[in-house]
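Notes follow once the structure below has been shown.
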Amino acid sequence: MGEQARIGVMDSGVGGLTFVRELLALCPGADIIYFGDSANCPYGNQTRERILDLTYRTLSFLQQSKIHVAVIACNTISTLIDTLQSNTSSPLFSVVAPVAGAVAHSGARRVGVLGTEFTIAVGTYQRLIQQINPAIEVVGKGSSSLAAMVDQGAPVQEIEGEIQSCFGPLLDHNPPEVVILGCTHYPIVKDFFTRRYPNIEFLDPAVEQAKVVAHWLEQQGLETTGQGDLKVYTSGDPDAYRRILERLQIPVPHVLEQIIP
Ligand code: DGL
């Protein structure tokens with residue numbers, strides 16, 4: 001039997017727990033060490049240099065647990081993966097590339113991407129999709145506030161209001177057939193999107209990312225069956241994580257702590 005798989009997962013906040021949910025469905029025996037940097041959320045409104053600094057700090061923290069792999073659940077950070085990988089010894093997995101590949105091969109002709117302003121501005125989704133199929137039209141829209149609202153547990157009406165006012169112009173008329181929820185915080189409120197836009201297919205990129213990570217763990221001969229151990233750390237309020245864990249139906253772990261790495 002192989003060594004127990006140990007996976008570091010990072011996000012700017014609670015959003016990356018959507019990846020944890022998907023990975024646990026495929027690899028229930030993996031040990032997962034999660035860090036959500038809610039004290040510095042939203043990353044999507046920060047500079048490239050600042051996002052890189054924060055991410056290196058988180059990577060060093062996760063590497064103290066002797067992880068086999070680091071998963072960048074955050075779309076905003078994933079747009080910088082080439083720079084990050086060239087300075088990091090652990091293998092890194094982006095959330096962007098797997099779903100971009102899946103969408104490019106899906107037969108969709110017009111694809112929407114919703115994310116942070118940073119993610120939309122750098123255009124990684126559009127580039128990766130059109131590298132595979134240049135005929136696909138990719139339209140994107142960024143929100144500067146939805147991720148932080150979800151992270152802080154804002155009232156439903158405020159979240160619905162932001163979805164409507166920010167994304168309505170893209171989704172109300174001539175909507176794309178498929179829309180990538182290109183920020184980890186958005187799948188947490190996916191039901192808000194599907195209620196308002198029942199004819200659009202909304203994709204959670206964590207689903208494809210979890211498949212890629214599970215496949216890699218298997219190739220390495222690492223053990224992912226049985227009962228794994230989840231530890232959740234945050235620079236923010238652990239109670240916010242408890243609420244999201246419950247919402248995502250992930251058992252609340254015995255380690256759920258606030259730390260500043
Ligand atoms: N969770 C991050 C993402 O997937 C964005 C939230 C933020 O701006 O910090 O892009």
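Remember, it's 1-based here, ligands and their atoms both numbered in the order they're listed. Side-chain atoms are counted along with the backbone in the values below, which use heavy atoms only and exclude waters and symmetry mates.
Between Pro253 and Val232, the closest heavy-atom pair is CG-CG2, 3.8 Å.
Under a 4.0 angstrom heavy-atom cut-off, Gly15 registers as lying outside contact with ligand 1. Using a 4.0 Å cutoff on heavy atoms, Gly13 does not count as a contact of ligand 1. Heavy-atom separations between Cys74 and ligand 1 include at least one value shorter than 4.0 Å.
Linking ILVMFWY side-chain heavy atoms closer than 4.5 Å, directly or via other members, places Ile7 and Leu59 in two distinct hydrophobic clusters.
Protein heavy atom nearest atom 7 (C) of ligand 1, with residue, atom name and distance: Tyr43 N, 3.2 Å. Considering only non-hydrogen protein atoms, atom 10 (O) of ligand 1 sits nearest to Thr76 OG1, 2.6 Å.
Considering backbone and side-chain N/O atoms, Gly44 comes within less than 3.5 Å of an N/O atom of ligand 1. At under 3.5 Å, a nitrogen or oxygen of Asn75, whether backbone or side chain, sits near a nitrogen or oxygen of ligand 1. Inclusion of His185 in the set of residues having an N or O under 3.5 Å from an N or O of ligand 1 is warranted. Remark: ligand 1 and Thr119 share no N or O pair separated by less than 3.5 Å (distance only, no angle test).
Between Leu114 and Ile180 the shortest side-chain heavy-atom distance does not fall below 4.5 Å. The closest side-chain heavy-atom distance from Leu80 to Thr55 is not below 4.5 Å.
One side chain, Glu162 or Ser143, offers a donor N or O that lies under 3.5 Å from an acceptor on the other.
Every atom of ligand 1 is numbered from 1 in the order shown, and the set under 4.0 Å from a heavy atom of Ser12 is 1 (N), 2 (C), 5 (C), 6 (C), 7 (C), 9 (O). Near Thr184, meaning under 4.0 Å from one of its heavy atoms, ligand 1 places the atoms 1 (N), 2 (C), 3 (C), 4 (O).
To the nearest 0.5 Å, atoms CZ (Phe93) and CG (Leu217) are separated by 7.5 Å. In this structure, the separation between CZ on Phe167 and CD1 on Ile200 is 12.0 Å, given to the nearest 0.5 Å.
Contacts between Pro42 and ligand 1, counted as non-hydrogen atom pairs separated by less than 4.0 Å, involve both the backbone and the side chain. Neither the backbone nor the side chain of Val95 comes within contact range of ligand 1; no heavy atom lies under 4.0 Å.
Checked against ring pair (Phe, Tyr, Trp, His ring centres under 6.0 Å), Phe35 has the following partners two or more places apart in sequence or in another chain: Phe61.
Under the 30°/60° scheme for interplanar angles, the aromatic rings of Phe193 and Phe202 are found to be tilted.
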